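Report on the following structure.
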Amino acid sequence: MRGTDPLVELQTDLHPPLSAHEAAVEADRCYFCYDAPCVTACPTGIDVPLFIRQIQSGNPHGSGKTILDENILVGMCARVCPTETLCEQACVRQTAENSPVKIGALQRYATDVLQAESTHPYQRAAATGRSVAVVGAGPAGLACAHRLAMYGHSVTIFDANQKPGGLNEYGIAAYKTVNNFAQAEVEFVLDIGGIEIKSGVALGVDMKLSELASQHDAVFLGIGLGDVNAPGIDGESLKGVENAVGFIARLRQTQDYKSLDTGNHVLVIGGGMTAIDAAVQSKMLGASEVTIAYRRGPEQMNASEYEQHLAQTHGVVIRHYLQPLRYIDNGSGYVASVELEQMSVSDGVLTGTGNTTILQADQVLTAIGQKLQSAPLEGASLELKGNRIVVNADRQTSDKKIYAGGDCIAGGDDLTVSAVQDGKLAAEAINRQLA
Amino acid sequence: MADLTSTFAGIKSPNPFWLASAPPTDKAYNVNRAFEAGWGGVVWKTLGEDPHIVNVNGPRYGVVYSADRRVMGINNIELITDRPLQVNLDEIKQVKKDWPDRAMVVSLMVPCEEKNWKEILKKVEDTGADGVELNFGCPHGMSERGMGSAVGQVPEYIEMVTRWCKETTAMPVIVKLTPNITDVRYPARAALAGGADAVSLINTVSSIVSVNLDTMSPEPSIDGKGSHGGYCGPAVKPIALNMVAQIARDTETARLPISGIGGVTTWRDAAEFLTLGAGNVQVCTAAMTYGFRIVEELTTGLSRWMDEKNYSSVESFVGLATPNVTDWQYLNLNYVTKARIDQDKCIQCGRCHVVCEDTSHQAITQQKNGQRYFEVIDKECVGCNLCVNVCPVENCITMEQLTTGADPRTNNNISAEYQNWTTHPNNPMATS
Ligand SMILES: Cc1cc2nc3c(=O)[nH]c(=O)nc-3n(C[C@H](O)[C@H](O)[C@H](O)COP(=O)(O)OP(=O)(O)OC[C@H]3O[C@@H](n4cnc5c(N)ncnc54)[C@H](O)[C@@H]3O)c2cc1C
Ligand SMILES: Cc1cc2nc3c(=O)[nH]c(=O)nc-3n(C[C@H](O)[C@H](O)[C@H](O)COP(=O)(O)O)c2cc1C
């Protein structure tokens, strides 16, 4: 039950699945728009009007298939997509009555039906004898592997982690993906056959990119952003100061939430989805006060209005125009409080005002962005931009044999659904290249 | 994926979904778009003789909405094609050449003279079309000129014109029937007698959809006046289903292929027409409401259902429901049902109670121990189904058959035996 025990809340779907009745009522609201804005707004271009019409006409299986044709990891996307800034924002009923068709929930309804069936909905084409190495078993790598397998290529996925899934397994908020869904979805993807996963194998440590490229007909890099940014201020090594991504990974992997080292006064630094997730989950874990400190104003936050609201309704306080200056020791190596500076923006330039404030905090979670690791790409001279890999429209890197997608490429929007699209587009291009 | 290919009256198409003769099939531009979208065939907008007719220049359509503004029915006062005959013929020829695997049927309506029909048939043959459909159905405009439903309402004319056509051409001849008659079996039999290869039905139903209460004009209004039009769309489906079943059940016409038309919107509607005996279906209003892309829902939905039910071809389930359509007098009077309300699903709106209380048999409670509570009183329930129909929640109220004991309403023991009205003691004309 939501709203009773916070730990239960952590394991309860933020958006519970629709019942058949709810799905019928909601599907009925779709207008089957021409050249529908929701389709354009979806990074994977799912045919939304058609899949909803198939729900309307009592064909949820066909509906699920329509969705999976464009997005094989749609189960996760239906749970984590910020639909309020994508398809649902574009819905014409949002314009008409401020209440879009619940596209995300309907998508989940249709794909739940299909994924519950025992037979995988796709078949492999005859084996081509070609092999592709995929590095990273996150959404980008998995989507790429599935599409390649469909075309009959044989795929080996290498992943540094013990479990596949990437941030689906280690990053997404617990209350968005309950009941071990990330692993269930990985299995669903692998059911097509022709994909082998090698876990605990890291590019740059256990093998080199040049080796992979010579052993396979093509390589796809879906390595995400393995490194994190740190504010670079005094006291970063104090106990209780931690990167939010690492904290969430621990949280997602624990069997016993009570054993997690969590604070009572938690300060989260950052303004994106990761900051919100870290804050809300801290609250659910039982912290009495959780504050997000963000250095700019509410409009600049990367977290959507909906996400900000979600944090606030869970008792998280969001404070703007505050930047940390130093973490203060409690005398025995633990963080006790944080000194922050009041910021101001004039003509778009962020400057400190010199006024500072001290906030009590026995846990600090920093969520100020992730960056590409350098080790995996060592030796290969791939073109980078802003520390991310440069690709063309086919997701091909400056090395014609190497493709990349997901968070690790330049110009992306760091969403699960975009990673899936990158993987799919790269697979299509690789398939054409190998033909 | 199930095999959707269809052969209707000898005409092949990749699926059983054709567009009916109407604006969606008015010219090459539309039909090319339809074929690109995946439609199996078209019946081209009805051709007539030159000089071509003219349409009104004001609104042609009226509409009936459901409460949420979903289109339930459209009514129109459009006539047949308003373009020169040769323009249509040239386009038909080209489109058939470009899409050889799709069905191309040409709808025709000319004055009721043998030479007029024979002349136009020759011209259609030149186009390479797969067949013709005789439009004996249009209820407005053309009927006042002795064509359309004016022919379709007189079985002798139907038979005569059909015969002329069959004598003239080797193309399959489909006779399109009007629903604006009392018993559709007579025109169907007449078509058969004239040699028709198939019938198609229904054309539109004579109608006035609304009156503007400010201007006192029926709608659509042309300069303050309106005339009756032809009604179509989801609202007419029940009329069409019944007429299809009547022809499919009639011993004389049972083997006559039927193209089912009227309100087909989803794959399910199509499946219903087919199981009642139609060999394929034609669609107009749904395309005019949502565009050609609905054919993707139609084909994927039908094929999924066929896979689920193990029907390998369209023919394999055509007519499976026909034998279950019977006359009232043969219905089993020993089949006793009572309504059942699933309390877990009930949202307590009370609609079932009030309709039963006000308009039926006072068989649903409104409270229990002072609380809102809706429950069926078996002693009063006649099993009429009204509560099921008005309940807003699917499967909340269902009908359950009583198979043992006595019916609490009549105290009669439930009998497993079949008994109908023809032998019932209350029937003065009972046969035994
Ligand atoms: C806390 C958090 C919450 C988020 N919430 C949302 C959300 O609600 N909705 C949303 O749409 N997006 C969300 N995102 C973003 C989303 O998770 C990412 O955009 C998406 O996972 C990117 O997919 P990817 O495949 O590119 O990379 P990842 O998911 O990061 O996967 C990369 C994989 O590569 C492996 N790898 C890395 N380096 C190596 C190496 N050298 N050798 C071998 N394997 C390697 C990793 O182990 C990992 O499995 C969130 C991100 C974070 C951090
Ligand atoms: C605007 C309009 C024009 C039509 N014109 C023709 C016609 O020229 N010839 C014809 O046989 N039927 C004509 N029809 C009838 C349709 O072909 C079809 O029989 C009818 O609309 C029922 O099908 P539906 O419920 O799918 O619309 C027309 C229907 C509409 C709505």
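In the text below, chain A, chain B and the rest are named by the order of the sequence lines, each starting its count at 1. In this text the structure is predicted, and so the values were computed from the model without any measurement. Reckoned from all heavy atoms, side chains included, excluding hydrogens, waters and symmetry mates.
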Review point. Contact part of A/D47 toward chain B, heavy-atom cut-off under 4.5 Å: side chain, backbone, both or neither?
Key: side chain
Check your understanding: Where on B/T265 is there a heavy atom nearer than 4.5 Å to chain A: the side chain, the backbone, both, or neither?
Key -> both
Exercise for review: Can you tell which part of B/R70 gets under 4.5 Å to a heavy atom of chain A, answering side chain, backbone, both or neither?
Suggested key: side chain
**Study point:** Residues in side-chain contact (heavy atoms from CB on, under 4.5 Å) contact with B/V354, at least two apart in sequence or another chain
**Key:**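 If we apply the side-chain contact (heavy atoms from CB on, under 4.5 Å) test to B/V354, skipping adjacent residues, the hits are B/D358.
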Presence of salt bridge, [Y] and [X], under 4.0 angstrom:
X	Y	result
B/K338	B/E375	no
B/E297	B/R268	no
A/E26	A/R29	yes
A/E22	A/K102	no

Point to revise | Whether B/W39 and B/F17 hold their rings parallel, tilted or perpendicular, with breakpoints at 30° and 60° | key: perpendicular
**Study point:** Inter- and intrachain pairs under salt bridge (charged side-chain N to carboxylate O under 4.0 Å, His left out), touching residues 31-46 of chain A, at least two apart
**Key:**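 Found none.
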Revision key, fill the gap. Per-residue tally against chain B (heavy atom, under 4.5 Å) across A/H21, A/Q54, A/H61 peaks at A/H61
**Study point:** Residues in residues 59-67 of chain B near chain A [non-hydrogen atoms, under 4.5 Å]
**Key:** none
Exercise for review: Could I get the full list of ring pair (Phe, Tyr, Trp, His ring centres under 6.0 Å) partners for B/Y311, not counting sequence neighbours?
Suggested key: B/W305, B/F317
